Asker: 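My questions all concern the structure below.
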Amino acid sequence: MIVSLLFLLLPLSLWAQPRFVDKTREAGLLRPNTCGGLQKRYILESTGSGAAFFDYDGDGRLDLYVVNGSTFEQYQNHAGPGNALYRNLGDRTFAEVTDQAGVRQGGWGLGAAVGDVDNDGRADLYVTTYGPNTLYHNRGDGTFADVSTQAGVAGDAYSASAAFFDYDQDGDLDLYVANYVQFDLAAVPADSSLDEPCVYLGGLRVYCGPQGMEGAADVLYRNEGDGRFADVSVSAGIAGPASEYYGLGLMPEDYDNDGDVDILVANDETPNALFRNEGKGHFSEVAVQAGVAYSGEGGTQAGMGVDAADYDSDGNVDLYVTNFYREPNTLYRNEGQGSFTDITAAAGLAAPTLDFLGWGTKFFDGDNDGDLDLFVVNGHVYPQVEQGQTGVSYAQRNQLFVNEGGGRFSEVEGGTGMQQPRVGRGAAFGDYDDDGDVDIFVNNLDQEPTLLCNEGENTQHWLRVQVEGGEGINRDGVGARVRVHTAAGMQQRTIGGAGSYLSYSDPRAHFGLGQAQRAEVEVRWPDGKVEQLGEVSADRLLVVRRDRGFEVRQLGMR
């Protein structure tokens with residue numbers, strides 16, 4: 001009896017934790033990732049690839065696009081495994097439709113971003129690569145057209161993460177591309193098994209870079225509204241600072257709550273960059289002043305992945321950046337007034353991440369208890385670390401941190417799917433099986449991917465909000481803020497799928513409601529207008545249309 005009473009007195013979050021199960025094979029996602037040779041002699045072979053959860057065919061279910069790399073020989077012969085598009089069949093399985101859709105794209109792929117660039121109600125796809133990038137226009141009949149050249153967004157660099165957002169508030173989506181380093185494939189010898197005599201780690205020979213390499217400048221493209229984009233990197237104030245660093249992760253977000261979208265770039269081995277949107281099409285780089293360029297100790301870290309969310313529900317959006325081995329991932333708390341504080345140690349997140357090398361990441365409510373938890377993908381870059389006395393492995397398990405409230409997180413096991421070590425890279429988040437909780441897809445280096453199905457047997461309530469813009473607002477309402485209020489307090493989310501690492505997640509706002517069966521909802525649109533929607537029932541998809549009310553749907557329905 002006493003044991004039963006003690007169980008009932010436990011906080012709900014302690015016995016309703018997320019439990020992730022590996023459902024990769026059952027879902028039919030067996031295509032392995034390829035990224036150079038197994039020994040990783042050059043930096044291009046280590047960065048890996050990402051993925052995108054998005055509804056390409058408009059049937060209400062999340063489909064999946066998985067980016068793949070190549071080998072030097074395949075790339076030089078214009079061959080390679082190619083990327084893959086999987087259509088969600090609605091029964092927890094996927095069917096590959098890559099060739100039918102026209103999105104295989106050989107070459108050496110890295111990242112994916114999604115956005116409705118022409119406001120026609122269909123999701124378009126942007127793929128970053130080593131070399132020219134590709135913009136696929138969604139025709140609406142299950143196929144895509146390559147419009148990269150005519151749109152002016154192909155570029156020709158070693159690109160990493162990309163994101164669509166409306167930085168100038170003109171009603172259409174612009175595009176930011178984070179580029180990494182200058183890497184000359186022509187310099188790779190025919191026998192790529194040769195060691196590159198450059199960098200040593202604990203007496204081990206490993207690949208060069210990024211330190212000592214020239215950075216590749218990021219690019220900001222403005223959507224001209226006629227199917228074309230203009231490179232405005234110089235006039236917008238992006239070009240100078242962005243050319244000095246090694247860009248990998250990317251997160252657009254209005255961190256200062258002034259109504260326009262700012263840009264955080266996680267840079268490898270160089271300071272992070274925070275571009276404050278000043279309006280009138282111009283940005284200022286303020287990372288040092290804001291306190292996010294370096295760790296709290298003032299050290300430069302190797303930023304990989306990034307996410308932003310109001311994890312403590314104080315109305316300000318906080319930042320999280322994943323870093324290299326022996327550099328803890330960093331949680332920056334937003335203090336308001338344009339400043340951040342590194343509170344990683346105080347939040348319980350420093351020691352658990354110190355011996356891992358982090359990549360994809362996201363704040364999400366994995367147990368639907370009403371606060372944001374945190375997921376991190378891990379995997380080293382040097383296979384050689386296992387040959388020496390480094391005490392670290394190449395393949396690493398991923399990590400799940402549950403929000404305890406009070407500003408602290410604790411690491412939990414997270415289910416059997418979390419325990420298998422992999423060399424992880426990109427991660428996309430979304431409820432692929434429409435059961436009301438968030439699942440995770442992880443792209444692993446030189447291995448099959450991992451689809452982590454959230455099966456926590458969670459009976460807590462939830463609400464998902466999708467928005468549709470109107471006049472002067474982009475069709476998908478990217479950048480809109482959604483707030484829900486229950487007796488437990490306020491939560492807010494920003495509409496958009498950017499963040500993590502080389503990946504795109506379901507842009508809809510997912511809220512765990514705990515035991516609350518109803519919630520009050522409000523939407524703040526990118527132009528500042530706030531719509532109060534009143535109280536709605538839980539366990540629904542709420543589709544909010546600008547100035548036209550809302551519709552309640554079951555998940556998986558149009």
Side-chain angles (χ1 to χ4, degrees), residues 11-21 23 53-55 58-63 88-92 309-311 313 362-373 375 402-403 405 415 429-440 452-468 476-477 480-495 497 505-523 531-545 548-558:
L12 192 59
S13 62
L14 293 182
W15 56 268
Q17 291 175 358
R19 179 171 63 87
F20 288 97
V21 178
K23 294 290 184 178
F53 268 129
F54 74 114
D55 182 9
D59 66 354
R61 295 189 289 263
L62 287 177
D63 308 300
N88 190 331
L89 300 181
D91 58 358
R92 288 194 169 190
D310 182 10
Y311 83 93
S313 296
K362 189 171 180 63
F363 289 105
F364 74 116
D365 191 348
D367 47 14
N368 285 340
D369 68 346
D371 50 29
L372 289 170
D373 310 305
F375 182 88
V402 169
N403 192 331
F429 298 74
D431 183 7
Y432 83 95
D433 55 357
D434 291 324
D435 65 350
D437 49 33
V438 178
D439 311 299
I440 308 170
L452 295 172
C453 181
N454 191 338
E455 294 190 345
E457 299 177 359
N458 190 352
T459 59
Q460 303 195 84
H461 297 290
W462 52 270
L463 185 69
R464 193 163 298 154
V465 182
Q466 174 182 333
V467 305
E468 295 180 4
D476 291 334
R481 287 264 179 92
V482 182
R483 286 187 172 184
V484 303
H485 301 263
T486 67
M490 183 276 293
Q491 302 178 57
Q492 72 172 0
R493 308 279 190 272
T494 302
I495 297 294
S505 300
D506 184 1
R508 299 173 296 182
H510 178 91
F511 298 90
L513 301 181
Q515 296 303 295
Q517 298 184 40
R518 301 182 67 82
E520 292 188 359
V521 181
E522 66 179 62
V523 177
E531 288 193 62
Q532 303 286 348
L533 305 177
E535 196 174 60
V536 300
S537 296
D539 307 326
R540 303 284 192 279
L541 169 63
L542 193 68
V543 181
V544 182
R545 299 182 176 91
R548 292 176 290 149
F550 64 88
E551 173 189 353
V552 176
R553 299 178 187 169
Q554 298 297 324
L555 291 182
M557 297 177 60
R558 294 190 181 199

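Worth saying up front: this structure is predicted, and the values here are computed from it rather than measured. The chain is numbered in sequence order, starting from 1.
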Asker: When you measure from the side chain of N454 to the backbone N and O of V438, does any donor-acceptor pair fall under 3.5 Å?
Answerer: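 Checking the backbone N and O of V438 against the side chain of N454, a donor-acceptor pair under 3.5 Å is found.
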Asker: Does the side chain of R464 pick up a donor-acceptor pair with the side chain of Q466 at under 3.5 Å?
Answerer: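 No, because no side-chain N or O of R464 sits under 3.5 Å from a partner of the opposite role on Q466.
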Asker: Heavy-atom distance under 4.5 Å between the side chains of D439 and L452, does that happen here?
Answerer: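 Side-chain contact under 4.5 Å: no.
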Asker: Does a donor on one side chain sit under 3.5 Å from an acceptor on the other, for D437 and H510?
Answerer: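 Side chains of D437 and H510: no pair found under 3.5 Å.
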Asker: Does R518 have any side-chain contact (heavy atoms from CB on, under 4.5 Å) partners at least two apart in sequence or in another chain, and if so, which?
Answerer: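 Only E535, S537 meet the side-chain contact (heavy atoms from CB on, under 4.5 Å) criterion with R518.
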Asker: Taking the side chain as C-beta and beyond, is there a heavy-atom pair between N403 and Y311 under 4.5 Å?
Answerer: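 In short, these two side chains touch, coming nearer than 4.5 Å.
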Asker: Please step through side-chain contact (heavy atoms from CB on, under 4.5 Å) for the pair V484 and L463, ending with a clear verdict.
Answerer: CA-CA 9 Å; V484 303; L463 185 69; 4.2 Å; yes
Asker: Run the side-chain contact (heavy atoms from CB on, under 4.5 Å) check on R61 and D431 step by step: do they pass?
Answerer: CA-CA 9 Å; R61 295 189 289 263; D431 183 7; over 6 Å; no
Asker: Rounded to the nearest 0.5 Å, how far apart are CG of D539 and NE2 of H461?
Answerer: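 So the gap between those two atoms works out to 5.5 Å.
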Asker: If you define the side chain from C-beta out and look only at heavy atoms, does anything of F429 sit under 4.5 Å from K362?
Answerer: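 A side-chain contact exists here, since the closest heavy-atom pair is under 4.5 Å.
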Asker: Could you walk me through whether V523 and R483 pass the side-chain contact (heavy atoms from CB on, under 4.5 Å) check?
Answerer: CA-CA 6 Å; V523 177; R483 286 187 172 184; over 6 Å; no
Asker: Just so I know, are the side chains of F511 and W462 near enough to count as touching, which here means a heavy-atom distance under 4.5 Å?
Answerer: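 No; the side chains remain at least 4.5 Å from each other.
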Asker: Ignoring hydrogens and angles, tell me if any N or O in the side chain of Q460 forms a donor-acceptor pair with the backbone of D367 under 3.5 Å.
Answerer: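 Checked: pair present.
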Asker: What is the distance from atom CZ of R92 to atom CG of D434, rounded to the nearest 0.5 Å?
Answerer: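 If we round to the nearest 0.5 Å, R92:CZ and D434:CG are 10.0 Å apart.
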Asker: Donor-acceptor check, side chain of N88 to backbone of L62, threshold 3.5 angstrom: yes or no?
Answerer: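 Flag set: sc N88 to bb L62 pair under 3.5 Å.
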